[in-house]
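Throughout, a chain's letter reflects where its sequence line sits, starting with A, and its residues are numbered from 1.
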Amino acid sequence: MARPQRFIDDEGKRLDGRKPDEIRPVKMQVGVLSNADGSALVEYGLTKVLAAVYGPKESQKSISLPDRASLRVRYHMAPFSTEERKNPAPSRREVELSKVLRESLEPIVITDYFPRTSIDIFIEVLQSDGGTRTVGATAASLALADAGIPMKALVAGVAIGKVDNVLIVDLNEVEDMYGDADMPIVAAPDLGQITLYQLNGVLSKEEFHNAIDMAMKVINKLVDIEKETLRNSYKEAGEE
Amino acid sequence: MSTTPFRVQIIPKIKKESYLNLYRKGQRADERDFYSPRKISIQTNVLEKANGSSLVKLGNTQVMAGIKIEPGEPFFDTPDQGVLQVHAELVPLASPQFEPGPPDENSIELARVIDRSLRDPKAVDLNSLVIRPGDKVWMIWLDLYILDYDGNLFDASMLAAMAALLTAKMPEYEELETGEIKISKNISNNPIKINKKVVTVTTAKVENYILVDPNLDEEIISDTKSVIAFDEQGNIVGAQKTGMGSLSQEEIDNIINVSSSAAQVYFKLLNDALKSEVKEEKGDK
Amino acid sequence: MSTTRRVLVPGEKIEGVNISDFYVYDYKNEKRVSIIGVIDLKQEGQISYSPLNGVYLPKEGDIIIGLVTSHGVANWFLDINSPYQAILSVQDFFGSKQSNQLPEDPFKYLQIGEYVKAKIAAFDRIRNPLLTVQDKGLGKIVEGIVVSVHPTRIPRIIGKKGSMIEMLKSTTSCEFFVAVNGMIHIKCQNEQLENIASNAVKMIELQSHITGLTEKVKKFIEEERKVRGV
């Protein structure tokens with residue numbers, strides 16, 4: 001993949017025809033796995049991430065906490081998810097992302113109902129085209145809700161980037177790879193809380209502020225789609 | 001797999017309450033205000049066998065940085081750039097919380113945040129580290145050694161990294177007829193080409209208070225932490241929320257503001273330390 | 001009686017009383033739902049909320065059915081369809097106060113893989129739930145079959161004022177015991193009937209949200225009985 005000359009054309013459109021504040025086509029499904037207590041498949045454009053939740057179940061003594069449930073999160077990329085085959089052994093990147101994703105879910109899961117148990121959240125990237133961690137957060141949120149884990153609110157994620165001096169939402173791989181900044185954000189709009197933010201790249205203070213603003217608008221929409229998806233999956237239950 | 005921390009030091013409730021009482025009065029337990037870092041000392045060239053080194057004390061937190069520069073092969077996709085590798089080691093002697101073994105998620109996160117904050121603003125001029133394009137380049141190994149842990153590893157590590165990078169000297173070498181690069185025992189007087197200086201500012205959120213440069217107690221009672229990296233122009237060159245809690249948009253705006261002021265304090269101390277370093281060198285001769 | 005049913009998802013506001021703390025939490029003085037479920041707004045202003053998912057959390061006094069999964073020196077461990085393993089002591093099982101009255105090899109009498117009907121004697125989440133079988137009708141299950149469903153489907157299997165379970169009993173002529181942890185003990189005259197009864201229970205679990213389910217299940221059982229000639 002070569003670096004494009006320009007990321008935004010004269011009409012203000014991005015390489016894939018999107019406007020700067022436009023997200024890729026989003027697809028969400030829940031209950032896609034039979035064994036897991038909860039599961040979800042989420043796609044933003046070509047990025048596809050599957051999440052599964054098991055638990056709460058009694059945890060091993062060594063990691064069990066006396067006053068709350070522990071969360072265990074694994075973010076992992078399937079070997080076939082990337083341009084070149086990825087070694088399935090967990091990389092340093094995956095170790096870090098597992099940590100920040102766990103920390104993005106800790107604030108929304110009500111853990112004190114189930115002391116000494118653990119809730120396992122598996123996030124598998126099936127196809128990567130930028131934004132995998134933010135799609136992963138959205139999938140994990142849906143899978144937790146599908147599993148009936150008590151939650152304060154749903155979260156969703158999106159990455160904000162900067163190309164040709166313009167802030168853009170939901171980077172694809174080219175924009176991520178060659179852009180000037182990549183800022184993944186996960187938030188719970190119902191609580192007005194941001195549960196993950198990272199910045200790789202350079203932004204002014206003003207751009208940083210605007211990037212979060214931009215992300216919150218998109219995350220609002222994403223969480224609405226999550227709610228709709230959950231309602232639809234239990235649709236018949238609402239009718240009588 | 002990342003697990004909710006289970007080996008956490010317990011802070012007595014009464015202690016947390018007394019801290020919060022102080023915060024309500026605008027004070028901290030070590031008599032700092034909310035936005036000032038602890039006392040900092042930066043020493044450079046503390047090791048003779050490394051190309052660059054430093055020892056930073058931030059309050060009781062101590063981080064040593066060691067730089068080794070070796071010839072190596074460039075990455076496939078960047079044939080005309082040298083390589084910068086950052087690693088962090090939470091050495092067991094630094095804290096009863098640290099266990100021997102391979103790097104855990106905390107040391108990996110620390111190293112990667114430092115690495116990104118140096119890489120993204122191109123702090124180190126990697127293009128200047130080419131010996132033979134596409135074939136031989138210099139590899140800079142930056143190892144951060146946490147020696148004493150009293151909170152805020154990010155800021156201490158970034159100061160140590162910067163101090164070591166800014167005072168490191170390239171190796172002297174000769175190119176053998178076989179094409180091999182042979183490093184001599186002497187270290188040259190040529191510095192690594194640095195494009196810009198970077199510092200990180202860590203803040204802890206404890207209830208609704210934002211505290212710059214938290215010590216260990218403050219980290220333990222905090223809801224979450226933010227690490228914001230700045231260059232000297234005040235641009236944000238990296239950021240990371242770390243820890244379990246969450247933040248509102250207003251809190252993040254506030255964090256950016258107080259962090260950007262604290263960054264200036266770090267830059268001043270870093271520049272002062274480097275100036276005295278130059279003086280010492282001159283004095284030696 | 002007309003009702004309005006609506007699905008609520010975590011983070012959505014809920015108003016009204018009599019709702020278990022387990023499904024709602026307080027956020028800035030307003031109640032919000034923590035588990036996806038159905039809210040029923042009845043005409044008389046009554047509200048009920050039934051979660052559509054989630055685990056069984058033991059309560060003291062609950063009668064449950066557990067599966068023996070292992071044993072220690074003086075007790076058995078049972079899977080009770082909850083995050084927590086339940087404990088049944090040897091002394092309680094044999095109902096004896098003195099250990100010298102116990103059989104030499106107590107674990108021969110209740111083995112791994114067997115079901116027990118028991119009562120939650122104590123549970124505080126700090127320690128695992130403690131079981132007792134010292135009450136009428138409790139003890140090892142020696143005949144019939146046990147079917148496991150999602151614990152949130154139990155109200156549907158019982159039905160309004162017991163309508164569903166009464167229908168099941170009368171159309172299959174089987175005995176049903178529905179434990180709150182999602183385990184159902186079924187005892188019939190023959191295996192064919194047990195098979196039909198268990199299929200009927202599974203049908204209710206899978207289609208629990210469908211209207212007119214009681215009639216549908218009734219028809220299913222009657223047809224099956226005809227086909228199988230029982």
Side-chain angles (χ1 to χ4, degrees), chain A residues 30-31 36-39 53-59 64 66-69 108-119 141-156 188-193 223-240, chain C residues 1-13 20-28 30 32-40 50-57 69 77 79-86 124-129 150-153 156 160 206-213:
Chain A
V30 294
D37 294 314
S39 59
V53 169
Y54 284 87
K57 56 188 183 194
E58 230 169 312
S59 53
S64 101
D67 53 353
R68 51 162 288 176
I108 56 153
V109 177
I110 304 179
T111 52
D112 45 2
Y113 288 149
F114 305 109
R116 303 183 294 112
T117 66
S118 61
I119 299 166
S141 166
L142 279 171
L144 281 165
D146 183 46
I149 305 284
M151 297 161 85
K152 286 188 193 155
L154 301 168
V155 290
D190 285 338
L191 306 175
Q193 293 287 305
V223 167
D224 281 344
I225 303 175
E226 278 184 47
K227 288 180 180 171
E228 218 32 60
T229 306
L230 286 166
R231 277 195 206 103
N232 282 340
S233 81
Y234 291 97
K235 200 169 155 199
E236 297 90 343
E239 296 163 357
E240 198 180 59
Chain C
M1 187 171 62
S2 94
T3 61
T4 335
R5 287 162 65 86
R6 205 153 50 84
V7 175
L8 294 183
V9 301
E12 288 190 306
K13 278 182 229 171
S20 152
D21 285 345
F22 187 71
Y23 311 126
V24 297
Y25 70 97
D26 279 323
Y27 178 79
K28 294 183 180 167
E30 63 188 35
R32 295 193 180 193
V33 174
S34 69
I35 295 178
I36 187 164
V38 183
I39 184 168
D40 247 324
S50 350
L52 291 166
N53 231 328
V55 296
Y56 165 67
L57 200 60
T69 56
F77 296 103
D79 177 359
I80 57 164
N81 222 353
S82 146
Y84 303 98
Q85 272 206 328
D124 56 9
R125 295 193 226 180
I126 310 294
R127 276 152 304 193
N128 286 40
H150 202 283
T152 55
R153 305 293 182 271
R156 199 65 174 115
K160 270 179 204 141
L206 290 174
Q207 306 182 22
S208 62
H209 36 64
I210 281 176
T211 4
L213 185 60

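At a 4.5 Å heavy-atom cutoff, A:D67 makes no contact with chain C through either its backbone or its side chain. The part of A:A147 that comes within reach of chain C is its backbone (N, CA, C, O), which places non-hydrogen atoms under 4.5 angstrom from that chain.
Contact count versus chain A (heavy atoms, under 4.5 Å) is highest, among C:V55, C:V33, C:N128, for C:N128. Contact count versus chain A (heavy atoms, under 4.5 Å) is highest, among C:L8, C:I35, C:L57, C:V9, for C:I35.
Applying the side chain to side chain donor-acceptor pair (under 3.5 Å) test to A:S64 and every residue at least two apart in sequence or in another chain returns nothing. In this structure, C:R153 has no salt bridge (charged side-chain N to carboxylate O under 4.0 Å, His left out) partners at least two apart in sequence or on a different chain.
Checked against C:I36 for a side-chain contact (heavy atoms from CB on, under 4.5 Å), the options A:I149, A:L230, A:V30 give a single hit: A:L230.
Using a 4.5 Å heavy-atom cutoff, the side chains of A:P115 and C:Y84 are in contact. Using a 4.5 Å cut-off on side-chain heavy atoms (C-beta onward), C:Y27 and A:D190 make no contact.
Atom-to-atom distance recorded for A:E58:CD and C:D79:CG is 10.0 Å, nearest 0.5 angstrom. Between the OH atom in C:Y25 and the NZ atom in A:K152 there is a gap of 7.0 Å [rounded to 0.5 Å]. The distance from the NZ atom of C:K28 to the CG atom of A:L191 is 8.0 Å, given to the nearest 0.5 Å. In this structure, CZ on C:R32 lies 13.0 Å from CE on A:M151, to the nearest 0.5 angstrom.
Annotation for C:P83 and A:P56: closest pair CB-O, 3.3 Å, computed over non-hydrogen atoms.
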